[in-house]
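Hydrogens, waters and symmetry mates are skipped; everything else that's a heavy atom, side chains included, is used. One is the number of the first residue; the rest follow in order along the sequence.
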Amino acid sequence: MSCSAPPALRLAASDDAQALRAILWATYETTWKPEVTAAKHAQICEQDKPAAYVQSRGELFWLAECDGVVAAMVDWEDDFVHALHVLPGFQGRGLGQALLVHAEAAMRAAGHAKARLETDTFNQAAIGFYERHGYQCEATYPDEEWESGLTTVLMTKAL
C-alpha cells in the first residue's frame with residue numbers, strides 16, 4: 001500500500017476506535033503473537049486487550065492517514081511513548097517516523113529533555129527503527145506484561 005501524498009496527522013476521534021483496534025490487532029498478529037505463550041494469546045483474545053486499550057486512551061492517540069485510511073497511531077504521555085504502530089501494509093513508508101517526530105516535538109514543547117519508550121529484545125525491527133531515529137538502549141529487564149519470558153528494552157533519546 002502507498003500514500004499518494006504525505007500522510008495526514010491528526011488527533012483520534014471516537015469514531016476511529018474500529019480502525020485503531022484493527023491496527024493494534026494487525027501488529028499484534030505479525031509481531032507479538034509469535035512470541036507469547038498460547039495461554040497468554042488466549043487471554044489477550046478473550047479480554048480483547050486492543051479494545052480495552054483503545055477505550056481507555058484511544059482519543060489521546062495521534063493518527064497517520066494515507067488516502068483516507070487510518071494506517072498508523074502513536075500514544076505518548078509526558079516523556080514516554082506508550083505505543084507506535086503501523087499497519088503492516090503501510091510499514092516502511094514514513095508513517096511511523098512522522099508520528100514519532102510529532103510526539104517528540106510535543107514532548108520537547110512540554111519541557112521534556114528526553115523521550116523514553118520500551119520494546120522487547122526479540123523485536124529487532126523496532127529496535128533498529130528507534131536506533132535510526134536517535135534512541136539508545138538504556139536498560140533491559142524482564143517483561144512481566146506479556147508473561148512469556150520476554151525481555152524489555154528501555155530506549156531513550158535526548159530531545
Side-chain angles (χ1 to χ4, degrees), residues 3 6-17 19-28 30-33 35-36 40 44 47-66 70-88 90-159:
C3 293
L9 303 186
R10 65 172 177 83
L11 189 59
S14 59
D15 60 347
D16 292 312
L20 293 169
R21 285 183 63 233
I23 291 169
L24 292 169
W25 273 117
T27 58
Y28 168 76
T30 59
T31 304
W32 295 92
K33 181 182 174 185
E35 304 297 328
V36 300
K40 186 63 177 177
I44 290 166
Q47 295 175 352
D48 196 354
K49 293 271 190 176
Y53 181 40
V54 170
Q55 183 176 14
S56 69
R57 293 191 55 84
E59 291 187 36
L60 300 172
F61 297 175
W62 275 78
L63 313 178
E65 283 189 15
C66 281
V70 176
M73 57 72 65
V74 66
D75 174 27
W76 77 92
E77 183 175 13
D78 300 323
D79 69 341
F80 190 79
V81 177
H82 291 286
L84 175 62
H85 294 268
V86 179
L87 280 173
F90 287 93
Q91 291 175 358
R93 299 195 174 17
L95 304 179
Q97 176 179 323
L99 287 169
L100 187 60
V101 167
H102 176 78
E104 292 170 350
M107 290 178 198
R108 197 176 300 109
H112 298 290
K114 74 177 181 178
R116 301 175 304 123
L117 58 85
E118 292 176 332
T119 189
D120 276 69
T121 54
F122 78 85
N123 197 346
Q124 291 297 304
I127 291 170
F129 171 82
Y130 293 122
E131 286 177 340
R132 286 189 303 277
H133 292 90
Y135 286 79
Q136 297 178 344
C137 175
E138 188 168 300
T140 59
Y141 37 87
D143 185 333
E144 296 174 358
E145 177 183 357
W146 292 95
E147 300 167 359
S148 293
L150 303 174
T151 301
T152 296
V153 178
L154 173 64
M155 301 186 80
T156 61
K157 175 184 177 178
L159 296 174

Counting distance only, does the side-chain N/O of [X] pair as donor-acceptor with the main-chain N or O of [Y] below 3.5 Å?
{"X": "Arg21", "Y": "Ala17", "answer": "no"}
{"X": "Thr31", "Y": "Tyr28", "answer": "no"}
{"X": "Glu65", "Y": "Ala8", "answer": "no"}

Shortest non-hydrogen contact between [X] and [Y], atoms and distance:
{"X": "Leu87", "Y": "Val70", "value": "CD1-O, 3.6 Å"}
{"X": "Val81", "Y": "Trp76", "value": "CA-CB, 3.9 Å"}
{"X": "Glu59", "Y": "Leu11", "value": "O-CD1, 3.7 Å"}
{"X": "Ile23", "Y": "Ala72", "value": "CD1-N, 3.6 Å"}
{"X": "Lys114", "Y": "Asp79", "value": "O-CB, 3.2 Å"}
{"X": "Ser148", "Y": "Glu35", "value": "CB-O, 3.8 Å"}

Does any non-hydrogen side-chain atom of [Y] lie less than 4.5 Å from one of [X]?
{"X": "Met73", "Y": "Val54", "result": "no"}
{"X": "His85", "Y": "Phe61", "result": "no"}
{"X": "Tyr53", "Y": "Leu20", "result": "no"}
{"X": "Asp143", "Y": "Thr151", "result": "no"}

Tell me whether the rings of [X] and [Y] are parallel (<30°), tilted (30 to 60°) or perpendicular (>60°).
{"X": "Trp32", "Y": "Phe122", "answer": "perpendicular"}
{"X": "His102", "Y": "Trp62", "answer": "tilted"}
{"X": "Phe129", "Y": "His133", "answer": "tilted"}

Using 0.5 Å steps for rounding, measure from the [atom1] atom of [X] to the [atom2] atom of [Y].
{"X": "Leu159", "Y": "His112", "atom1": "CG", "atom2": "NE2", "answer": "9.0 Å"}
{"X": "Leu24", "Y": "Ile44", "atom1": "CG", "atom2": "CD1", "answer": "11.5 Å"}
{"X": "Arg10", "Y": "Leu63", "atom1": "CZ", "atom2": "CG", "answer": "5.0 Å"}
{"X": "Met155", "Y": "Gln136", "atom1": "CE", "atom2": "CD", "answer": "8.0 Å"}
{"X": "Glu131", "Y": "Lys157", "atom1": "CD", "atom2": "NZ", "answer": "12.5 Å"}

Check Lys49 with Glu145, please: is the shortest side-chain N to carboxylate O separation under 4.0 Å?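 Lys49 and Glu145: not salt-bridged.
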Are Glu77 and Arg57 ion-paired here, with the side-chain N under 4.0 Å from a carboxylate O? yes
Leu9/Leu99 under side-chain contact (heavy atoms from CB on, under 4.5 Å): CA gap, chis, key distance, verdict: CA-CA 7 Å; Leu9 303 186; Leu99 287 169; 3.7 Å; yes
Take atom CD in Glu144; do more than 12 heavy atoms of anything else shown fall under 6.0 Å from it?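 No, CD of Glu144 has 12 or fewer neighbouring heavy atoms, counting only those of other groups under 6.0 Å.
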